[in-house]
2 protein chains.
Amino acid sequence: MSTSTAHKQDPKTDHKLIDGRGVAMGIRDGVAKRIARLREANWQPRLVSLAVGAAEPAKLYIRNQRKVADKLGIEFDDRYYDESITREELLATIQALNADPSVTGIILQRPLPDHLPMKELQSAVHPLKDVEGMHPSSIGNIVYDDLVLGPCTAVAAVEMLKSTGLNLPGLEVVVVGHSVIVGKPIAFLLMSEGATVTVCHHMTRNLTVHSRRADAVFVAVGKPQLITGDMIKPGSALIDIGINQIEDEQGNTKVVGDADHDSCYDVAGWLTPVPGGVGPVTVSVLMQNVAKAAELQKRHYEREFGEADFVVSS
Amino acid sequence: MSTSTAHKQDPKTDHKLIDGRGVAMGIRDGVAKRIARLREANWQPRLVSLAVGAAEPAKLYIRNQRKVADKLGIEFDDRYYDESITREELLATIQALNADPSVTGIILQRPLPDHLPMKELQSAVHPLKDVEGMHPSSIGNIVYDDLVLGPCTAVAAVEMLKSTGLNLPGLEVVVVGHSVIVGKPIAFLLMSEGATVTVCHHMTRNLTVHSRRADAVFVAVGKPQLITGDMIKPGSALIDIGINQIEDEQGNTKVVGDADHDSCYDVAGWLTPVPGGVGPVTVSVLMQNVAKAAELQKRHYEREFGEADFVVSS
């Protein structure tokens, strides 16, 4: 048991670590083929990113999205707006993108300044162009066991669990964190797969009682070291969705998840590294949604226009 | 401990039994006031019920809805269609009702014949007229902690729990049954209230392990005697949403829930009778949704037409 070397282990050779980059590449291979087919049929996928008052971490994230989109043959149009943009201006922008046939996907980057109502703006994105899977009807579809465009981080986290080979029907899963964009969608996705799911949060009386009985724990709270090795069951899977910037003893900034990696490494059967875990998979799932959204628009268009038996009235 | 008399106890005097009719009447009082205000403002609520190939139990249910609507001043228009109606005809009917300003609410009665796609037809109801709360965006709104029009049975079941006075934040709740229209929405509603929720179902390995640790158990599966007294924690609340017709030893048909009432009565702190439990509350919640839908349509109309500063172009 060596806590200092655990971090240095390589997911490619250490089979306890779930290799996010490997899972991501597997998804991208499939997406590349779908994009190629769409382009052949004159459906060039084009993703428009809307960022308001973006700070450097958000810009870094967007540049990374562009890099992956470029590789996959997806056009990527990143637009930056000043913090002074109004709700009405942003709504009109989204509506114009909805109506633009060259735009097949729209991302509203987080965070938005406080004066802009995130949920209302998200709901203004046409459900068939909602590649982040954040429209209420996209979320409702998951509840209906009908995954059309799922929230990217949640889908990515579930993909990480699936990559362990654990059998989901009947699996005892505890999700720590009940956010709308991560915790709850993970819970619904897992329910659709037949897992027995408990959702815990800051009001849960005794988190350890739940986390210790789980075959798999998902954590998405934003608190470093919230989950420690003594809180999980030996041999269980730990999917860490937290991304926290902390300072180590030497004063260097580093990125860690919500789990105490070293103590959990000793107990878990599988765990995700941070960084290099759920993060890279999320971007791949976004691009998978871009392909799916373009396919849905293509099918919708073909249903509307593909049948020749109609009359045009002026 | 007498199992033969437990059934005869009256919710009005037996404080272990949660009085569905009492909860229902409390909701109806509020609804009646809202309906009166809507009518004064020339917004007469009007509910259209669409039933296809309805058998006698469904007709009984619809007659009961009419009775409650009549009492509350809601116009009720029940339409019955032959089993031969096509998907296209029913879709066109729904779209015409969406476009009719005199119709403020639409119910698509269950069950539909197999050739009609329930979810697609449900999604065709305008979200502001979806008084059953079954549109994917209605379901998604609950996930967003934004209860606009909630699924009636789920909302009713949660109202039953609230009537016990138990404090929901941190409460350990187990929901048995993961259906889209009952089990899952109950789970999201309870998560929004701060409860720690586990959803169990037919793939759950050991239901009793979960049900015995819960402060409150909801059961909505459709299996008589699925939950017995030895499966629940002493003093806990048991909300039974099952409605099953069985034959007793004398060959008489009677309606029972999913819990074995007599053995659970001895252990639970509170439990719902069946019939007379969640059922009557569900109809009241439907009428509450009718009032809410009409209010939302009124507000929407006033926003569109209430500002005089516009130009009409031909």
Side-chain angles (χ1 to χ4, degrees), chain A residues 117-120 122-123 127 130 133-146 148-149 151 154 167-185 187-188 190-207 209-210 213-215, chain B residues 117-120 122-123 127 130 133-146 148-149 151 154 167-185 187-188 190-207 209-210 213-215:
Chain A
M118 189 71 197
K119 193 198 154 193
E120 184 191 355
Q122 202 82 64
S123 302
D130 174 33
M134 294 312 305
H135 192 282
S137 72
S138 301
I139 302 272
N141 277 326
I142 305 177
V143 178
Y144 271 103
D145 294 336
D146 186 7
V148 185
L149 296 167
N167 196 20
L168 297 192
L171 201 74
E172 291 282 337
V173 184
V174 166
V175 178
V176 186
H178 63 164
S179 75
V180 174
I181 60 170
V182 186
K184 286 192 201 172
F188 317 147
L190 292 168
M191 283 178 206
S192 293
E193 301 275 355
T196 301
V197 185
T198 303
V199 178
C200 297
H201 42 70
H202 63 283
M203 285 168 280
T204 296
R205 288 190 205 133
N206 192 331
L207 176 57
V209 165
H210 289 289
R213 65 171 175 76
D215 302 318
Chain B
M118 189 72 197
K119 193 197 153 194
E120 185 191 355
Q122 201 82 64
S123 302
D130 173 33
M134 293 312 305
H135 192 282
S137 72
S138 301
I139 301 273
N141 277 326
I142 304 178
V143 178
Y144 272 103
D145 294 336
D146 186 8
V148 186
L149 295 167
N167 196 19
L168 296 192
L171 201 76
E172 291 283 339
V173 183
V174 166
V175 178
V176 187
H178 63 163
S179 74
V180 173
I181 59 169
V182 186
K184 288 192 200 173
F188 317 146
L190 292 168
M191 284 178 206
S192 294
E193 300 275 355
T196 301
V197 184
T198 302
V199 178
C200 296
H201 42 70
H202 64 283
M203 285 168 279
T204 296
R205 287 190 206 131
N206 193 330
L207 176 57
V209 165
H210 289 288
R213 65 170 176 76
D215 302 317

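Only this structure's heavy atoms are used, side chains among them; waters, hydrogens and symmetry mates stay out. Residue numbering restarts at 1 for every chain, and letters A, B, ... go by the order of the sequence lines.
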Problem set entry | Under 4.5 Å from a heavy atom of chain B, the part of A:Met134 involved |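 Both parts, heavy atoms under 4.5 Å.
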Exercise. Side chain, backbone, both or neither: which part of A:Val143 has a heavy atom under 4.5 Å from chain B?
Worked result: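 Contact with chain B: backbone and side chain both.
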Problem set entry | Closest approach of A:Leu149 to A:Ser138 (non-hydrogen atoms, all atoms of both residues) |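 Residues A:Leu149 and A:Ser138, closest heavy atoms: O-CB, 3.6 Å.
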Problem set entry | Pair A:Ser192-B:Lys184, side-chain contact (heavy atoms from CB on, under 4.5 Å): steps then yes or no | CA-CA 10 Å; A:Ser192 293; B:Lys184 288 192 200 173; 3.8 Å; yes
Exercise. Listed by chain and number, what are the side chain to side chain contact (heavy atoms under 4.5 Å, CB included) partners of A:Ser137, not counting sequence neighbours?
Worked result: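 A:Ser137 satisfies side chain to side chain contact (heavy atoms under 4.5 Å, CB included) with A:Pro127, A:His135, B:Pro136, B:Ser137 once adjacent residues are dropped.
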Problem set entry | Among A:Ile142, A:Thr204, A:Ile181, residue most engaged with chain B (heavy-atom pairs, under 4.5 Å) |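 Max contact count across the listed options: A:Thr204.
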Scan the side chains in residues 167-178 of chain A for donor-acceptor partners under 3.5 Å anywhere in the protein, sequence neighbours excluded, and list what turns up.
unit_1: A:Glu172; atom_1: OE1; unit_2: A:Arg213; atom_2: NH1; d: 3.2
unit_1: A:Glu172; atom_1: OE1; unit_2: B:His210; atom_2: NE2; d: 2.9
unit_1: A:Glu172; atom_1: OE2; unit_2: B:His210; atom_2: NE2; d: 2.9

